[in-house]
Number of protein chains: 2
Amino acid sequence: MDQSPPRNTSVTVADVAHKAGVSKATAARVLGGYGTVSDRVREAVTAAARALDYRPNELARSMTTGRSGTIGVVVGDIENPFFSLAVRGITDVARQAGFTVILINSGEDVPAEKAAIRTLLAKRVDGLIVSPAKESDVEHLREAIRSGLPLALLDRGSDTLDVDTVIADDRHAAEGVTRRLIALGHRRIAYLTACDTPDHRFRTAADINTGSVRRRIEGFLGVCREANLDGMEDWVHVGAVTPEHTHRMAAAMLRTPQRPTAIIASDSLIGLEVFKVCRELDLGIPGDLSLVSFHDADWTSVTTPPVTVVRQPVYGLGETAAKLLVERLNGKAGAANRIVLRTEVVDRASIADARV
Amino acid sequence: MDQSPPRNTSVTVADVAHKAGVSKATAARVLGGYGTVSDRVREAVTAAARALDYRPNELARSMTTGRSGTIGVVVGDIENPFFSLAVRGITDVARQAGFTVILINSGEDVPAEKAAIRTLLAKRVDGLIVSPAKESDVEHLREAIRSGLPLALLDRGSDTLDVDTVIADDRHAAEGVTRRLIALGHRRIAYLTACDTPDHRFRTAADINTGSVRRRIEGFLGVCREANLDGMEDWVHVGAVTPEHTHRMAAAMLRTPQRPTAIIASDSLIGLEVFKVCRELDLGIPGDLSLVSFHDADWTSVTTPPVTVVRQPVYGLGETAAKLLVERLNGKAGAANRIVLRTEVVDRASIADARV
DNA sequence: TTGAAAGCGGTACCAC
DNA sequence: GTGGTACCGCTTTCAA
């Protein structure tokens with residue numbers, strides 16, 4: 001007897017139908033789980049399918065139904081703990097709702113982001129979750145929307161795009177930490193971000209295209225103005241795009257006589273690098289420098305001293321965006337939701353009075 | 001004049017062909033970039049495509065060609081920095097080779113892994129990169145191979161699976177750190193891993209189904225035996241599956257009078273948790289406890305003291321696996337490659353003499 | 001060089 | 001309940 005497993009060079013509905021002695025249409029009904037079939041036939045078809053090791057071809061299915069069961073996700077960089085956690089939130093919700101996730105990194109580069117969207121559209125994803133690299137450059141997203149594709153924005157909104165958006169209350173968080181630093185007597189407070197401008201210099205918040213970061217800087221500058229601190233724009237440093245860049249920038253900044261007495265790091269990667277530079281320069285935290293970082297990365301609680309951070313609901317950000325998208329995918333209509341999740345400052349021990 | 005953008009409810013080759021006044025076949029040839037066409041016709045078709053805002057349907061294309069331009073990746077958990085870095089390596093290579101990546105988390109759960117593979121097969125990915133949760137349970141992978149799908153194994157091999165495999169020299173690394181600890185006088189050395197056994201107790205390395213970890217434990221036990229340390233099996237603790245579990249285990253272990261004088265953490269998540277527990281219990285590192293962790297996570301260099309780690313070429317692991325897969329995808333035949341990448345111990349300050 | 005037509009593997013509509 | 005069949009959008013012979 002031939003014991004070898006059936007050579008499964010793609011067993012099709014037709015094959016199963018043939019073996020079960022029914023029509024292709026009938027076999028398709030039981031295999032696809034739609035329509036009505038008699039129990040007898042159902043069993044026969046099921047048995048035949050098992051014997052032949054039938055595997056549905058999702059591609060073919062998608063082509064006729066128009067649904068691919070896939071959602072496309074475009075983020076800046078999965079390597080950043082912020083995004084990997086958010087992506088986790090997304091995939092958890094997606095899987096539970098029966099969707100698969102295709103993940104593409106944009107590297108915070110608009111052309112790459114455009115290419116990613118194009119690829120995703122070509123693959124006929126059912127919906128899109130994007131963390132736009134630049135809020136000002138979203139024509140490609142607008143196009144996607146126009147073509148009827150549900151889209152949800154993650155961590156970064158867009159005033160001109162009327163779509164479901166989930167962000168954190170970054171401005172409020174930035175205001176809080178800035179106020180606190182000022183209250184402690186700090187006047188030379190630097191804000192360090194990966195976001196870049198064409199000439200790598202900061203002039204006004206409007207130059208910052210990453211929404212979440214722009215809002216933080218607006219909050220920071222706003223509070224400074226309230227406190228009659230002028231020209232704080234000079235203390236905003238952009239372009240900390242890699243650990244190496246960050247390291248160089250932080251070192252340069254901290255070596256000057258008029259060095260900042262406090263630094264606000266826009267993400268945990270930057271916070272970490274600043275921490276390292278302080279070690280190298282033998283600057284005490286918080287004695288010589290107060291440090292606050294956005295993102296409650298896991299390591300921030302074990303350093304000496306532990307780092308005061310802005311805790312964002314990162315997992316929730318992804319989770320919520322995915323939930324909104326899934327709802328749309330299930331046909332929910334209605335105006336775009338703009339959800340703002342609360343942040344919280346986790347007080348640890350990296351900030352102190354400014355030595356005047 | 002009607003200025004509104006063309007309603008692009010899926011513009012097809014036929015539409016473009018019609019507008020350009022050529023046959024569907026001809027339009028398809030220029031749109032798909034194959035066959036030969038006259039320049040005149042090419043231009044006409046191109047113009048028509050642009051005017052209509054034609055977007056190829058990859059799904060349909062894949063269905064006829066049988067290639068989807070997609071590679072499926074199944075890892076334990078993207079949230080683990082180890083995997084997110086490896087995935088980065090994979091996606092970088094994949095994108096450069098023109099492939100898109102579909103990422104699925106298995107949560108180190110075999111049933112989930114099986115489901116993931118099934119999904120990926122149904123989506124007709126061109127190839128697979130998997131980090132098998134259990135090396136002993138790979139029937140689903142064998143099936144994938146049988147159906148002709150190129151597969152590459154990441155970080156965890158399988159003796160019974162004859163496929164391209166990329167791992168790190170975990171055994172060697174474990175031997176090195178164990179030797180060093182023993183030389184420093186340590187006798188009570190604990191090994192802590194997330195891998196679990198049915199009854200959450202460790203007896204023999206054969207119980208460990210995650211290849212990379214099994215090899216490390218084998219190395220650890222081997223060196224212990226060489227040094228005439230017996231019964232070290234009792235010092236291997238399994239089931240540190242979440243930070244909470246790890247915390248509990250570490251705390252319990254470190255509160256006993258016969259507590260270990262050294263701990264080897266199987267990944268950075270575990271290392272971090274051990275570090276936290278020491279803080280809570282007011283145990284000095286390395287005074288009261290020596291700590292070595294696998295994975296050179298970014299935070300390990302900023303703690304006090306900085307942590308001695310085994311640096312694995314994580315990005316390279318992903319990169320290499322993807323390269324091997326892409327080669328197969330491009331038709332390369334030949335025996336399976338088994339690549340072992342070198343690790344290195346990064347000496348920092350978390351280990352010291354055992355207080356006897 | 002170009003066109004007509006046959007699939008790919010499903011789904012879905014319409015008779016029987 | 002079941003079978004026949006026309007698609008879905010693209011690729012790919014095969015002729016002209």
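Side chains included, hydrogens not; waters and symmetry mates left out as well; all remaining heavy atoms used. Letters A, B, ... mirror the listed sequences (proteins, then strands); counts begin at 1.
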| request: Mind calculating the distance between CZ (B:Arg61) and C1' (C:dC8) to the nearest angstrom? | output: 15 Å
| note | Closest non-hydrogen atoms of A:Leu325 and A:Gly127, given as atom of the first, atom of the second and distance, are CD2-C, 4.0 Å
| Can you tell me how far C1' of D:dC8 sits from CZ of A:Arg67, to the nearest Å? | 17 Å
| field | Closest listed nucleotide, where the reference is the side chain of B:Val41 and the choices are C:dT2, D:dT5, C:dT11 | value | C:dT2
| said: Output the rounded distance in Å from CZ (B:Arg40) to P (C:dT1). | reply: 14 Å
| said: A:Val130 and side chain to side chain contact (heavy atoms under 4.5 Å, CB included): which single residue from A:Val163, A:Asp155, A:Leu151 fits? | reply: A:Leu151
| Tell me: CG of A:Leu59 to P of D:dC10, nearest whole Å? | 13 Å
| Between P of D:dC7 and NZ of B:Lys24, the distance in whole Å | 12 Å
| query | With no hydrogens and no angle check, do the side chains of A:Thr160 and A:Arg142 hold a donor and an acceptor under 3.5 Å apart? | reply | yes
| Is it the case that more than 12 heavy atoms not belonging to B:His18 sit under 6.0 Å from its NE2 atom? | no
| message | Any side-chain to backbone donor/acceptor pair from A:Thr165 onto A:Arg156? Under 3.5 Å, distance only. | response | no
| request: May I have the distance from A:Asp15 (atom CG) to C:dG7 (atom C1'), rounded to whole angstrom? | output: 15 Å
| field | Minimum-distance nucleotide (side-chain atoms of B:Asn57 versus D:dG9, C:dG9, D:dT5) | value | D:dG9
| said: In this structure, how many angstroms lie between the P atom of C:dC8 and the CZ atom of A:Arg55, rounded? | reply: 20 Å
| Going by atom types only, do B:Ser136 and B:Asn209 share a side-chain donor-acceptor pair under 3.5 Å? | yes
| message | Does a side-chain N or O of A:Tyr34 approach OP1 or OP2 of C:dT11 to a distance below 4.0 Å, or not? | response | yes
| Taking the side chain of B:Tyr54 as heavy atoms from C-beta outward, which of D:dC10, D:dG9, C:dG9 is closest to it? | D:dC10
| Given A:Tyr315 and A:Asp92, is the side chain to side chain contact (heavy atoms under 4.5 Å, CB included) satisfied, shown in steps? | CA-CA 10 Å; A:Tyr315 182 90; A:Asp92 283 356; 2.5 Å; yes
| request: Measure from the side-chain heavy atoms of B:Val22 and tell me the nearest of D:dG3, D:dG9, C:dG3. | output: C:dG3
| Looking only at side chains, do A:Lys123 and B:Thr70 share a donor and an acceptor under 3.5 Å apart? | yes
| field | A:Ser38 side-chain N/O to D:dT2 phosphate OP1/OP2 under 4.0 Å | value | yes
| Flag for A:Ser68-A:Arg61: side-chain donor and acceptor within less than 3.5 Å | no
| Minimum-distance nucleotide to A:Ala60 side chain [options: D:dT12, C:dG10, D:dG3] | C:dG10
| If you look at every strand shown and take non-hydrogen atoms under 4.0 Å, does B:Thr36 touch a base, only sugar-phosphate, or nothing? | base
| task | Identify the residue among A:Lys323, A:Lys332, A:Arg338, A:Arg328 that makes a salt bridge (charged side-chain N to carboxylate O under 4.0 Å, His left out) with A:Asp164. | result | A:Arg328
| remark: Between B:Arg29 and B:Glu58, the residue closer to the 5' end of DNA chain D by nearest nucleotide is B:Glu58
| query | Is any side-chain N or O of B:Ser23 closer than 4.0 Å to OP1 or OP2 of C:dG3? | reply | yes
| query | Can you list, by residue number, the residues of residues 119-127 of chain B that have a non-hydrogen atom closer than 4.0 angstrom to DNA chain C? | reply | none
| When the C1' atoms of the five terminal pairs at each end define the local axes, what inter-axis angle does the helix from C:dT1-D:dA16 to C:dC16-D:dG1 show, to 10 degrees? | 40°
| remark: When rounded to whole Å, the CG to P distance for the pair A:Leu31 and C:dG9 reads 14 Å
